[in-house]
Each structure stands twice: as C-alpha cells, then as structure tokens.
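Notes to accompany the following structure.
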Amino acid sequence: MSKLIVLMIGITVVGFIIWWFFGKHEQSTAIADVKADTQSVDIEVNGGYSVETVILKQGVPAVLNFKRLDSSSCLDHVVFPEFGINRELPKGEVETIEIDTSQVGKFQWACGMDMFRGNVVIEK
C-alpha cells in the first residue's frame, strides 16, 4: 500500500512540473501609460511577474518600474538580452529600467535563472 501511495505522489509531482513549465498559462498584459512624453509600466515581482506582457509605443521614451516583493534568489535579477540589461532588483525597492523603443518588435525579459519570463512588445 505504501508503494502505491508513493507512486501516486510521484506521478502527481511529475504532472505538476510538466504543467508548470510546459503548460499554457494566462498572461497579464499592460499598455503603458503615456504622460509628459514618457511611457511607464509598474511590474510587481512576487512569485513571478504581475505584468508579463508590456505594450509600448515606438519612439516614446519608456521605463519599466520593477518592485520586488519576493525573497527568492531566482527573482533578484531581471535580464533583457536584446537590450544588454542585467539589473539587480533589491527587495522592497522600485528599480526603474529604461527601454529603447526605437525598434518595433517583441523582446523577452527573464529572471536571473531564466525560469520566469515576460515580454516587451513595441508597436508603431
């Protein structure tokens, strides 16, 4: 009987891992607020990113304001490979990151361990 229980727990854990990494999850999207010729979006970092897709307008200076509430070491950095940005996110503080909006496209960001991801979409 105990072997059957261990087997069922193992199958459940493997299923959860497969769902977590490969399943489709609903993503939150935010369109940047444009004020005084600057656009910005606030992103909460707490077990992932509260806004996972950010939509920006091309040619308008943009900032993303990351506020990390999570104490895990995985989320203590944010990396934008296409922009050459690798920034530390101090816990409980807002870290402002300027984004180059000169080119249209979809650009990914990730945590330092590449487990949690988000996207910046720059549109005309």
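What's counted below: heavy atoms across the whole structure, side chains too, no hydrogens, waters or symmetry copies.
Counting all heavy atoms, side chain and backbone alike, Gln108 lies closest to Glu82 at O-OE1, 3.4 Å. Nearest heavy atoms, Val51 versus Val41: CG1-CG1, 4.5 Å. The two atoms that bring Leu56 and Gln39 nearest to each other are CA-OE1, 3.5 Å, heavy atoms only. Scanning both residues, Thr101 and Lys57, for their nearest heavy atoms gives CB-O, 3.7 Å.
Between Pro90 and Glu95, some side-chain heavy-atom pair lies under the 4.5 Å cut-off. Between Val63 and Ile99 there is no side-chain heavy-atom pair separated by less than 4.5 Å. Looking only at side-chain heavy atoms (C-beta outward), Ile122 and Gln103 stay at 4.5 Å or farther from each other. Counting only heavy atoms from C-beta outward, the side chains of Ser71 and Lys91 approach each other to under 4.5 Å. Looking at Val78 and Cys111, their side chains never come closer than 4.5 Å, going by heavy atoms from C-beta outward. Between Phe80 and Leu64, some side-chain heavy-atom pair lies under the 4.5 Å cut-off. Side-chain contact check for Ile85 versus Ile97: some heavy-atom pair is nearer than 4.5 Å.
Taking the side chain to side chain contact (heavy atoms under 4.5 Å, CB included) definition, one finds that Ser102 meets it with Asp100, sequence neighbours left out.
Using modelled atom types, one finds no donor on one side chain facing an acceptor on the other under 3.5 Å when comparing Asp33 with Ser40.
With Ser28 contributing its side chain and Ser50 its backbone, the two residues share a donor-acceptor pair below 3.5 Å. With hydrogens and angles disregarded, a donor-acceptor distance shorter than 3.5 Å links the side chain of Asp70 to the backbone of Gly47. A donor-acceptor pair under 3.5 Å links the side-chain atoms of Arg68 to the main chain of Leu89, judged by distance alone.
Between Trp109 and Phe83, the ring centre distance reaches or exceeds 6.0 Å.
Both Phe107 and Tyr49 are part of a single hydrophobic cluster, where members link through side-chain heavy atoms under 4.5 Å apart. Residues Leu75 and Met113 are members of one and the same hydrophobic cluster, defined by side-chain heavy-atom contacts under 4.5 angstrom among Ile, Leu, Val, Met, Phe, Trp and Tyr. In terms of hydrophobic clustering, with Ile, Leu, Val, Met, Phe, Trp and Tyr side chains grouped at heavy-atom distances under 4.5 Å, Ile18 and Phe116 are assigned to a common cluster. Linking Ile, Leu, Val, Met, Phe, Trp and Tyr residues whenever their side-chain heavy atoms come within less than 4.5 Å places Met115 and Val13 in a single cluster.
Heavy-atom contacts from other residues, nucleotides or ligands closer than 6.0 Å to CD of Glu98 number 12 or fewer.
With rounding to the nearest 0.5 angstrom, the CG atom of Leu4 is 10.0 Å from the CD1 atom of Ile9. Of the inter-residue distances, the one linking Phe66 atom CZ with Ile43 atom CD1 reads 4.0 Å to the nearest 0.5 angstrom.
The one candidate from Val54, Ile55, Val121, Thr53 that meets the side chain to side chain contact (heavy atoms under 4.5 Å, CB included) condition with Ile31 is Ile55. Of the listed residues (Val94, Asn46, Asp42), just one forms a side chain to side chain contact (heavy atoms under 4.5 Å, CB included) with Lys67, and that residue is Val94.
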